Amino acid sequence: MVGKASLSCILAAVLLVSPALSSNVKGVAPEKQALYQVSGKTWTCLDKSKTIPASAINDDYCDCPDGSDEPGTSACPNSVFYCENKGHIPSYIKSYRVNDGVCDPECCDGSDESSGLIKCDNICKEVGIQYRKHKAEMDAILTSGVSTKREWIEYGKSKMAELQIEKAKLEEQIAIMRTELGALEKIEEVAREREQAARDSAAPVNVVIKTDSKCPPCKISSDSAAFKISSLRNHMKNLQDEVDELLTILHDMKRDHNQNYHDMAVKTAISGYDEFLVDYDVIKSERQEDADEEDNIEQADDVQDEEQDFTNEVVEEDTDPVVKEAAQGNVVSRITSAFVTKLEKLLPAKFKEALPSSLLNVDEAERLQQATTKASDAVREKRNEIGTKENDLNGVNAKLNKDYGRDLEWMKLENECFEKDEGEYVYSICIFGGAHQKSNRDGANTNLGTFDSYTGSADSSSPEYHNKQLYNRGTKCWNGPERSVKAVFECGAKTEILEVTEPEKCEYQFKMRSPAVCQLVATKGEDEAEARVIHEEL
Ligand code: MAN
C-alpha cells in the first residue's frame, strides 16, 4: 500500500523527469523530441559538452559545439533541420538552408521557410502522389529486372558447366593428339633416316658385291642380275627394318597410351598388335623359308658366277626363271609384301596416312622420298590440328577465368551491343567489347575504347564493384588523352543506354540500365549467393 506522502513524492518525481514542452521543438524529428525535454530551466547539449538555459534552444544563436541547440534555425552550420512533409516522406536539410529565402524541394511542406522572407506552399500531397506513382513504376522495373537477372544467373551457371565439359573434352583430344604426334614424328624420323641411308648406298653405279680367291674385288654393272639381287636384298632389309619399326611403334603405343582416354583406333591397334605377336613366330618361320629360297638362288648364281664373267650377259642368258623373276623384283616383293602389309594393317588409319600408299613395287628412292614427304605432311597436319585445338582451349579457359559478376549475371550480356542517338552522335557499347561514337553528320566512327575492368569499387568483393565498367584505350584525342568510357549501371527491366555525357574532353560517361545490377530479394532458404543481396533502395 502506497502512503499519501509517498504518492505525492512519485508524482513530484514524474513531473521532474518529464515536464513535456508545450509544443514540439522545431526542426526535430518526432522520435528525437524526447531529447529536448527539459527537467528545469536548463538543458544539456546532446554531446554533453555544455549546459545552457532551456530558453536558448532555437534562439537563433549557436551555443552547443555540436549545434544541437539550434535544430530549427540556421544559427549552427553543423546542424540539420527536420521537415515533417506530411503526405509525403519526411527529410532532413542542412541548417544553412533554413530561412534562406529558397523553397527547398526536400521540404515540400515549406517548414524550412518560416521567417516570412518567402512563402512556401505545402505541396507534399501532390509530391507524395507523384512519388508513389513513380515508386510503383520503379518497383515494376525492379521486379522485372530481378526476374531477368535470375534467368541470366541460371544461364551463366549452365554455360560455365558446358565450358567445363568442353575444356575436359579439348584437353582429352589434345592429349590423344599429342600421343599421335609422337608416333607420327617417330615415323617421320625413321622415314628420313631410311631415305638418307638409301641415298647414301645408291650413290655408286658399280658396286662391289663379294670377294673370293678367284675374283678379287669384282665390280659388276648395275644392269646385272647379281646387282639386281643385291639391291633387292637391300630392299628386303629396308622392309625388314620397316617391319621392326612398325613393331616398335605399336609396342610403344601399347606401352605409352593413356588408358583413361578411350581412343578406339588406338585400342583396336593394340589388340591387333597383341594378336599379331601370337602369329609372329609363324610369319618369321615363313620368312626364314623365303630367306632360304633366296640363299638357293644366290648359290645358283654363285655357281654361274664361277663359270661366267660378271657381265650384262648374265641377265640376258640366264634361263633360271626364279633368277629372272628375282631380277625383276617379284620374288622379294612377294616374300615381303604379305609380311609388311599384315603389320601395316594394324596401325590406326591416322598413322597409316603417314606411310606410303604402297610399300612395294615402286622405285625405292622415290618410294622412300614419298614416305618422308607423307610422314612430314602428317606431322605438320597433326601439329596444326593440335594448334587449333589449343586455341579453342585457350578461348574456353579465358571464358572460364573471366569475371562475369558475383553470380555470373553478366555472361548473358557478353558481346551484346546497345546504342543511343544523342543528336550529334550515335553512341554504342558492346558489353566486354568496344564503345564507339558515330557522327550523324559524316558517319565517322570513333573508337571510344575497349573493355578494361569493373570500377564500381576499389574492393572487388563489394556489391557495387560490378556496377561500373571502364572501356579505355580508344582513339587518342587531339591534344588530349586516349578516349575512354565509364559505363555506370543502375537496375532496369532491360539493358539500355539512358544518356551519354562527356564530362571531361574525350572522357565519356554512359548512364545505363540493366537487370545485371538489380539486387535480388533475399528470401528464406535461398542459397548463399542469393541471400547476400537485398532490395535496391529506390
Ligand atoms: C570529336 C568528338 C568529341 C571530342 C572531340 C575532341 O569531335 O570525339 O567528343 O570532344 O573530338 O577533339
Side-chain angles (χ1 to χ4, degrees), residues 102 105-106 134 137-138 141-142 144-145 148-149 152 155-156 394-395 398-399 401-406 408-519 536-538:
V102 176
E106 292 88 344
H134 175 73
E137 282 167 11
M138 293 309 279
I141 287 175
L142 175 67
S144 161
T148 303
K149 182 172 178 175
W152 289 2
Y155 170 87
N394 288 343
K399 274 178 174 260
N401 296 326
K402 193 162 178 165
D403 184 354
Y404 287 111
R406 282 155 72 90
L408 304 171
E409 65 276 9
W410 283 96
M411 197 166 193
K412 182 78 173 135
L413 284 177
E414 184 160 43
N415 296 328
E416 290 283 324
C417 301
F418 307 91
E419 58 177 44
K420 171 88 178 157
D421 191 335
E422 289 282 15
E424 195 179 352
Y425 301 105
V426 173
Y427 290 90
S428 64
I429 189 167
C430 297
I431 306 298
F432 302 127
H436 288 87
Q437 178 195 55
K438 191 169 178 183
S439 165
N440 272 331
R441 193 165 35 87
D442 57 11
N445 204 6
T446 307
N447 175 10
L448 299 186
T450 45
F451 177 79
D452 179 83
S453 52
Y454 296 97
T455 53
S457 159
D459 172 14
S460 62
S461 64
S462 148
E464 280 79 46
Y465 179 69
H466 296 96
N467 293 358
K468 290 182 188 166
Q469 296 182 344
L470 172 67
Y471 292 71
N472 60 11
R473 294 166 198 244
T475 306
K476 198 175 167 338
C477 192
W478 187 78
N479 251 350
E482 286 174 336
R483 285 174 174 79
S484 65
V485 170
K486 247 179 221 150
V488 181
F489 292 86
E490 61 183 53
C491 172
K494 58 177 187 167
T495 305
E496 60 187 326
I497 303 172
L498 296 178
E499 179 192 40
V500 176
T501 52
E502 193 179 344
E504 296 286 333
K505 204 173 184 192
C506 296
E507 289 178 13
Y508 305 84
Q509 175 145 322
F510 285 29
K511 192 171 174 232
M512 297 187 70
R513 273 202 190 134
S514 175
V517 298
C518 294
Q519 288 186 292
E536 185 182 37
E537 285 288 323
L538 286 163

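Quick note: numbers below take in every heavy atom, side chains included, and nothing from hydrogens, waters or symmetry partners. Sequence positions, counted from 1, serve as the residue numbers for this chain. Ligands are counted one by one from 1 in listed order, and the atoms in each one are counted from 1 as well. Small disclaimer: the values here were computed from a predicted structure and weren't measured.
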Charged N to carboxylate O under 4.0 angstrom, Glu482 versus Arg473?
no
Tyr425 to ligand 1: N or O pair under 3.5 Å?
yes
Ligand 1 atoms nearer than 4.0 angstrom to some heavy atom of Tyr508 are 2 (C), 3 (C), 4 (C), 8 (O), 9 (O)
Nearest to atom 6 (C) of ligand 1 by heavy atom, Cys477, Gly480, Ser439: which?
Cys477
Quick one: does Tyr427 get an N or O within less than 3.5 Å of an N or O on ligand 1?
no
Atom NZ of Lys402: over 12 foreign heavy atoms under 6.0 Å:
yes
For Cys506, the ligand 1 atoms with a heavy-atom partner under 4.0 Å come out as 6 (C)
So does Ser484 get a backbone contact from the side chain of Asn472, meaning a donor-acceptor N/O pair under 3.5 Å?
no
Is Arg483 in polar range of ligand 1, meaning some N or O pair under 3.5 Å apart?
yes
To the nearest 0.1 Å, how far is atom 8 (O) of ligand 1 from its closest protein heavy atom, and which atom is that?
Gln437 OE1, 2.7 Å
Could you check whether the rings of Tyr465 and Tyr454 sit parallel, tilted or perpendicular, using 30° and 60° as the cut-offs?
tilted
Test side-chain contact (heavy atoms from CB on, under 4.5 Å), reference Tyr404, set Met411, Glu409, His466, output is Met411
Please compare Glu424, Lys505, Glu502 and report which has the shortest non-hydrogen distance to atom 10 (O) of ligand 1.
Glu502
Please verify the inter-ring angle class for Phe432 with Trp410; under 30° counts as parallel, over 60° as perpendicular, anything in between as tilted.
perpendicular
